[in-house]
Structure formats: structure tokens, C-alpha cells
2 protein chains.
Amino acid sequence: MVRSSPLDQQAIKRQNRRLILEALQRQGPLSRAELAREVGLTKSTVSALVQEMLEEGLLGEGRLHNPGLGRPGTRLEFRSENALALGVDLGVDDTQVIVLDLNRQIQAVWEWVESPSTSLSERLFKLARQVQNQLPHYPRLLGIGLAIPGVVKQQELLYAPGLGWRKERPAETLSNLLHLPVALENNANAAALGETFWGENHSPLLFIMLTTGLGTGLVVEEQVYRGRHGAAGELGHWLLGSQPRHHPPSVVEHQLSLRAIVGHYQSQSGRSEGFRGLLEHASRGDRPALEALEELAYRLGCFIANAAVAYDPAVVVLGGPGAEAWPWLEAPLRAALKEQAFIPEHAELPIRPSAFGHLAPAMGAAALVLQRFLANGGTRDWSPPISTLGTRPTIGGSKSRRKRYA
Amino acid sequence: MVRSSPLDQQAIKRQNRRLILEALQRQGPLSRAELAREVGLTKSTVSALVQEMLEEGLLGEGRLHNPGLGRPGTRLEFRSENALALGVDLGVDDTQVIVLDLNRQIQAVWEWVESPSTSLSERLFKLARQVQNQLPHYPRLLGIGLAIPGVVKQQELLYAPGLGWRKERPAETLSNLLHLPVALENNANAAALGETFWGENHSPLLFIMLTTGLGTGLVVEEQVYRGRHGAAGELGHWLLGSQPRHHPPSVVEHQLSLRAIVGHYQSQSGRSEGFRGLLEHASRGDRPALEALEELAYRLGCFIANAAVAYDPAVVVLGGPGAEAWPWLEAPLRAALKEQAFIPEHAELPIRPSAFGHLAPAMGAAALVLQRFLANGGTRDWSPPISTLGTRPTIGGSKSRRKRYA
DNA sequence: TTAGTAAGTTCAACGAACGAACTAAAAATA
DNA sequence: TATTTTTAGTTCGTTCGTTGAACTTACTAA
């Protein structure tokens, strides 16, 4: 159990800095007076805290804005060069990297394909080189978020079936390469966080990642729900009904996944193309393709009805390549859900495709870093620099408490 | 979205009082020095806060304890007459009431049967009379927790299928009758909270309520997980596999519940007795009864495997009348779970029957009240006294901020 | 030019925790 | 029995973050 610690005045300050920073992140540039109204602090307190953050280089003052009566306010915004995070999505056969700042600006997107045989460390080396070459100021990054399709428990990758990795510590490796804090997360969990962090914060939010396989991520009150072993939400492994005893279990993923639906399509149509081809045919009105998508929608609807009973989400977001079929899925999926919903609210459950397309996990990975940074009131000490581990004098202990805001 | 508010010095104080009170609740009577070590505050701070709470009558000083070197500490404990909560479980055909204090002492237990036709308000009146007659000092109760088998959203009972109630506000009614704060909660959720509050705090904890029907409750980091509409965990309504289209859905509850298993037993044995009779036969080694329990265990194992994939709990607690079959269930259930587990950790998932038997929901209902009281640092203002609503001058607003610790 | 309005700053005061130095009460030791 | 050691609890001056009132600044309206 995590025992919460006593509060001191530093904690007040950190929390109030956090509120200010989160307001700026959510609502864009604001003046001191607007901030004061927004977060419920006095103008004097906001002034003092903002003053510090200006001196730290975290915020910058912009040109006046807000034309109207009275003295115009000073525009406060993040100095994006000091509020940058890297989001990385290590997919099964490609890598997405996105550089984001707290002003919601995408500074860069890099994508490349990977051969499935590439080892994890090779991929991390490649990533590190890319960062060093493309981002001359990369040491000023706040950190790196790493999304991987696998079970993650306390910064350790336990299993990544699609990639064939087990018991790896990629966060540690990457942190040592780039001397930056790295946060590791399951890709569906990351994507779910990204949706609430960058979009509207509905809670709970369920993200359904429809790829070759099937995975989900849940975010409750801005926190990723991981469960005890980081295995929560691996709903692709739900078992179908009561299993015949002593048989290998048949799981949802065998029915509901791109592999499953493409298999269904191929056996019905006699064609051998993949999901992309299926979509092409569907857009031309091809009967077997449309029928396959309708089947997918129906199965997805049943699945969402079950997930709704378990999690009772406020909103469901669909991601992964499967989300590209959304125009064909929407209507039959709704119909299936209406049929199967437990409470009437679930029949009307808001469902939408991710706003970030295939970049959703990378966006979420970046959000992971920025969220942590904000939660600490804009300090970088969320993770000790691994590079210097053991060479530094011990920090902490009641005597040598460090002053955090210089 | 709940916007968190800025912290002031009162918040520090409340949080530190909370830590002290929680330590006392978890670990029993402690001295000031032990408290200081336990929660990480200085002796002076603990002394000051304890002093206040002594004056408020919340704590009392006991006889010296802790024999050993040095001056013995003063035993601090709750004055139970000022730290009492009532937990109520409105079951389908009975009512359980339990009076608990923060020293973990059960002060009273009342139970009575109910006719299923009794209306909700009748049951509440009866309860209120009982409280007034049996607890002369009831106005000093901290509050009442009310557990009901139904979907609860923000203190409103949306549906209680077993009881035939819809859209009721029993918390408001009871609060008006007794002039006490009342917290309403789903019974499985309440029971889950009770397990973590009164027992070891593992997170997440999944409580499975095996009664005529099937319901579950989830507690994550000491918080009940309710979902958007309070419908999370109604896993009895999970759908079995892919449903045939346009058919009424077949749900888990039809396979896994006492009604289902008794039906199975009756059809196999030709007998017409209920679950209690089944258990009697089983304890005498009766073949059909044992077979029925084994079937129950198998289905429960499959169910837990699915729930584990969704929630990845640290521990599963079994409650309701079904838990009385635990001695027969344990071994086959484990075997089924081992077969079906997704990750190896789930094969070894700790599962145990509730320590509180049929009183688990009532215990949890009381915990709901006490937890809230502690979370506020031991103040009673967690809910405005409904009785005086509208007749009091407005509290709050930046001018008239009330001093909380008199 | 002047009045009005809103933004932002300054500063004394408050309140909470802290920590060092103290007193209190017991066991251990001589 | 007297003294030392050890731990419990108190006292009080210090530190620090927020507050609120009074102030200055910068703009619009008349």
C-alpha cells in the first residue's frame, strides 16, 4: 500500500503550481488575473508563483491580449522549448515518434517501419540515434514516454506476445542511452490517457485498440487503471462463455480482431487480401466486404456491451487500424449495443474513433510524461537521472531536504 | 470533471489530522511518539493536533502502556461514543444493521426478516424507529451507510431489480427521518470497501457477491469504483459469448448464481430443496449435491478468470450465501482458474471468503461513513444536515469562511 | 483631459509545521 | 539509594506560503 505522506507548505505550493500549469495546458494562454479566477487562488499568489516559473524559464510572457475595458492582461504561455516531451509507440512492425509541447503544438513526427525480427535493444538504439540527430536540444526534453503492446508492471515489460519480448526493461535502457526520464506503458493504456489529456476529460474513458489483436485501456479520473500486475484491460483474452473443460480456452480475440475478421472475409469471399484491401472493396460497395464489416461491427457491439458492464465508462474511443472502418461500423455497432445493453444509459454510450488516428499511442505516451511533469507542479524531479545513479550524494533524509524551487 | 481546488493551510491540517486518525484506525491505540514516527510528522505537530482532537472529544487518553525503557507513552484511542457509525444492508428478504466504532468494536447487531412486498419507505421507517428506540444517543452517530442490491448513481437508487424499486432516494428519506448524514451504496461495492477498510488494504480488491443473482464490487486504492452511472461491476449481466442476433441476451447470472446452481441441482437430483438443503446434503457426502457444487466452482473459476482479465485484482473475496460453500468450492475453483488464467499471476490469484460472512455489506456500509469521516480529518461536515436545508444561513463564500476546528 | 475599469504588485499579518531545548517518567546501573 | 540513560511529551521562536487590502499600471470611454 502506498502510504500518503504528511503535507507541508511545499506541498501546498506544488499543488497550486500544478493547478496553474494544468489550467494553462487545458485552456491555452491566460493572464494572471484569469488564472486567479480559474483556479481559485488570489492574484497575489498567482503572481508570485508565475514569477518563479518565469524565472525558471518554464513560462514566457507574450503580447497583451484581451481587448476590452481596463488594463489588458499579460499573456502567459509555456516556453515550448522547455516543455517538450517525446512520445514513442513501438508497434509490431513500425515505430511512431512524436514531439509535443505543453502548448499542444506538435513539433515533429517521425515514423518508420521495422522488421519483426529486430530486437528490442536494436530498436531502442535506433530510436536514441534518431533523437540525438534530429533534436539537438534533446537534453532539455522533459522525458520520454514509451508505449508498447504488452503487459507492463512497474516500468518492467513482462510480456509482449506480438513482439516476442519477455521480462525486459526498455525504460531503463533508453534512459541510460539518452540520460532522460522514461515512462513505460501499455499502448492501449497510453492511448486512453492521451484521449483524456489532450481532449475532453470524461471519466472513465475506455480505449479499444483494434489491431491484429485486441486490447483496451482504461483511464479513471486522469489516472491509468493498471490493476495489480499491469494486466488489466487485456480483454482480448476474455473467455467466450463457459469453456468446455480441459480444452485450450477460446478467447474474444479469436472472434474480434483484424486477424479474425480478415479470416472471416477471406473464407466468405475467397479473396486473400488483408484488412486494407477489405476496406477498399467496402468503399466500392463490395458485398462480401460490407458483410464482413457488419459482422465486425456486431461483434464489437457485443464486446462493448460486456465492457460497459464491467467498467461503466463515460465514453468509448476506438483506435488502431480497425478504427479506419468507423464509417461502416458506426450504425450496426450502435444497433447491436442497443440490443444488448444492460442499462439504458449504455445503449446511448458515446463511442467515437480516436482523434489522433494511428498516432494515438504516441500522443498518449507523450501525455504520460507531461502529466507527470504537471502533477509535480512543473518540476523535473519525477525520476532520478539514471545516468548518475550511485554517483550522487544521497538526497532526502530529514536533514538534507533539498529546496525545490530555487 | 471534478476540479481540484487550491490548497491552503487548513488543507494541510486536515490531511495531517487524517493521517493520525487513519493510523489509529488501522493500528489501534498509539502514543503521540508512535504516531509521529508512523505518519512522519514531528512530535510537536502531533501533540498539537492530538490536543485539539482530545478537546473535541474525538480521542481519549488511556492508561500508560508500552513497558520498556524510558517514559511510557500515553495511550490514545477513539472515544467510541463519538466515533460511531451505523451500517445497514437492505437485503431482498432481510435487513442487517450493525453499529461500529473506529476502535473496531461492534457495538450492536440487529437483524430481521422482511416480506418482499414491503415498500422501501416502510422499511426505512421501521429502521428509523429501531434506531431511535435502541440508540438513545443516536444523534451523536457520525452517519449511516446504506447498502442496497441495485444500481446507485450519486446517492440515487436507479434500479433495484430484486426489490422492484426504481428511481428512489432512500438516503434523503432516511436522513430526513434521523437528521443524520446517510451514504447510499451498492451492496457489493460496500462489501468490497468493508474488506479493505477493516482488513488488509490490497488494491484492487474484487468482491464477488454470490446470492440468488450475481454482483461484484471493486475497490481501487481505498476508493469504490463506480463507473459513470454507478453500474460498474454488474457482472451478472455479462453476456455469454457472441449472442445469436435478435435474441434476448443470455447472461452470466443464468449460469452462475444460486438460482442457477439450485436449478441445476434440482434437475439432476430430482429434489426440490434450495441452496441450504444442497449444502446439508453436500456435508453428508451426497453425490448430486457435491457434483452441483463442483459445477458451481468450475463456473465461478471461469468467471473469475474473466474478471481477472478485466480488473487484474490483487485479491478476490467471495461473499453472499454462496460463500458458505467455500470448503467445497476452493479446490475445483483453483483448478479451473489455473486452466483459464491469462497470465501466470492470475493462476495464483488470492481468493478467500469474506471474513464478515453475511454481515459484509453492513460492515462496508459503516466503513463508508467512517472512511469519509477520516478523509475529512475527523470533521462531521461531509454532508450538510438535510433537515435544516434552506433554513440555515449560507455557509462558504470567501468572506464567511467558517473556522473548522473550534 | 478626466473618470472608470481591470491587471498586476507590494507588504504586513496569519496560520501551520518545524526543530531545538526543555521537562517528565520510567528502567538500568552503580 | 542515587545517578545515568532512555524515551515521551511540551514549549517557543523560526520559517514559509497564502491572504487581503492598498497600491500602481495601463488601457477605454466620455
Side-chain angles (χ1 to χ4, degrees), chain A residues 5-20 29-54 59 61-76 377 397-406, chain B residues 5-20 29-54 59 61-76 377 397-406:
Chain A
S5 37
L7 292 182
D8 54 7
Q9 308 210 78
Q10 295 242 337
I12 295 191
K13 194 169 181 176
R14 193 160 49 242
Q15 165 72 358
N16 289 341
R17 283 173 57 117
R18 170 183 182 163
L19 291 175
I20 290 174
L30 295 171
S31 69
R32 290 170 176 78
E34 288 168 322
L35 277 171
R37 282 192 295 270
E38 194 61 38
V39 305
L41 290 164
T42 59
K43 282 191 299 174
S44 24
T45 305
V46 171
S47 269
L49 296 178
V50 162
Q51 185 56 37
E52 275 190 9
M53 298 194 270
L54 287 169
L59 298 182
E61 289 187 307
R63 246 346 275 132
L64 319 176
H65 71 152
N66 184 26
L69 228 60
R71 172 178 170 179
T74 321
R75 175 191 173 92
L76 295 167
S398 66
K399 288 290 174 192
S400 70
R401 185 119 28 96
R402 185 173 44 160
K403 195 160 157 45
R404 231 158 293 225
Y405 311 101
Chain B
S5 37
L7 292 182
D8 54 8
Q9 306 207 83
Q10 296 241 336
I12 294 191
K13 193 169 181 177
R14 192 161 48 242
Q15 165 72 357
N16 290 341
R17 283 172 59 116
R18 170 184 181 161
L19 291 174
I20 289 174
L30 295 170
S31 68
R32 291 170 176 80
E34 288 168 323
L35 277 171
R37 282 191 296 269
E38 194 60 40
V39 304
L41 290 164
T42 59
K43 282 191 297 175
S44 28
T45 305
V46 170
S47 270
L49 296 178
V50 162
Q51 186 55 39
E52 274 190 10
M53 298 193 271
L54 286 169
L59 299 182
E61 289 187 307
R63 247 344 279 130
L64 319 174
H65 72 153
N66 184 28
L69 226 62
R71 169 179 172 179
T74 322
R75 173 191 174 92
L76 296 167
S398 66
K399 287 292 173 191
S400 70
R401 186 121 26 98
R402 184 173 45 161
K403 194 157 158 48
R404 231 158 293 224
Y405 310 101

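In what follows, chains carry the letters A, B, and so on, assigned in the order in which the sequence lines appear, proteins first and then strands, with residues in each chain numbered from 1.
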Given DNA chain D, 5'-ward residue of the pair Ala48(B) and Thr45(A), judged by closest heavy atom: Ala48(B)

Write out a two-atom table: protein N or O, nucleotide N or O from nucleotides 22-24 of chain C, distance below 3.5 Å.
residue	atom	partner	partner atom	Å
dA24(C)	O4'	Arg71(B)	NH1	3.3
dA24(C)	N3	Arg71(B)	NH1	3.4

Value rounded to 0.5 Å, distance of CZ in Arg37(B) from OG in Ser31(B): 6.5 Å

Spacing of NZ belonging to Lys13(B) relative to CD belonging to Glu52(B), to within rounding of 0.5 Å: 3.5 Å

Those residues that, when tested against Ser44(A), pass side chain to side chain donor-acceptor pair (under 3.5 Å) (two or more places apart): Thr42(A)

Those residues that, when tested against Gln9(B), pass side chain to side chain donor-acceptor pair (under 3.5 Å) (two or more places apart):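 Side chain to side chain donor-acceptor pair (under 3.5 Å) check on Gln9(B) returns nothing, list empty.
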
What is the distance, rounded to the nearest whole Å, between atom [atom1] of [X] and atom [atom2] of [N]?
{"X": "Gln51(B)", "N": "dA8(D)", "atom1": "CD", "atom2": "P", "answer": "18 Å"}
{"X": "Leu30(B)", "N": "dT7(D)", "atom1": "CG", "atom2": "P", "answer": "18 Å"}
{"X": "Leu7(A)", "N": "dC18(C)", "atom1": "CG", "atom2": "C1'", "answer": "15 Å"}
{"X": "Gln9(B)", "N": "dA13(C)", "atom1": "CD", "atom2": "P", "answer": "16 Å"}
{"X": "Arg14(B)", "N": "dG15(C)", "atom1": "CZ", "atom2": "C1'", "answer": "14 Å"}
{"X": "Arg75(A)", "N": "dG8(C)", "atom1": "CZ", "atom2": "C1'", "answer": "18 Å"}
{"X": "Leu76(B)", "N": "dG9(D)", "atom1": "CG", "atom2": "C1'", "answer": "11 Å"}
{"X": "Glu52(A)", "N": "dT9(C)", "atom1": "CD", "atom2": "C1'", "answer": "16 Å"}

Taking only side-chain nitrogens and oxygens of [X], does any of them come within less than 4.0 Å of OP1 or OP2 of [N]?
{"X": "Arg32(A)", "N": "dT9(C)", "value": "yes"}
{"X": "Ser47(A)", "N": "dT9(C)", "value": "yes"}
{"X": "Asn16(B)", "N": "dA17(C)", "value": "yes"}
{"X": "Arg37(A)", "N": "dA7(C)", "value": "yes"}
{"X": "Ser44(A)", "N": "dT10(C)", "value": "no"}
{"X": "Thr42(A)", "N": "dT19(D)", "value": "yes"}
{"X": "Thr74(A)", "N": "dG8(C)", "value": "yes"}

Nearest heavy atoms of Val39(A) and Pro6(B), plus distance in Å: O-CD, 3.1 Å

Carboxylate-amine/guanidinium contact Arg75(A) Glu34(A), below 4.0 Å: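 Glu34(A) and Arg75(A): not salt-bridged.
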
Nucleotide nearest Ile12(A) when distance is taken to its side chain, options dA26(C), dG19(C), dT18(D): dT18(D)

Residues that Ala11(B) engages under side chain to side chain contact (heavy atoms under 4.5 Å, CB included), provided they are two or more places apart: Leu7(B), Asp8(B), Arg14(B)

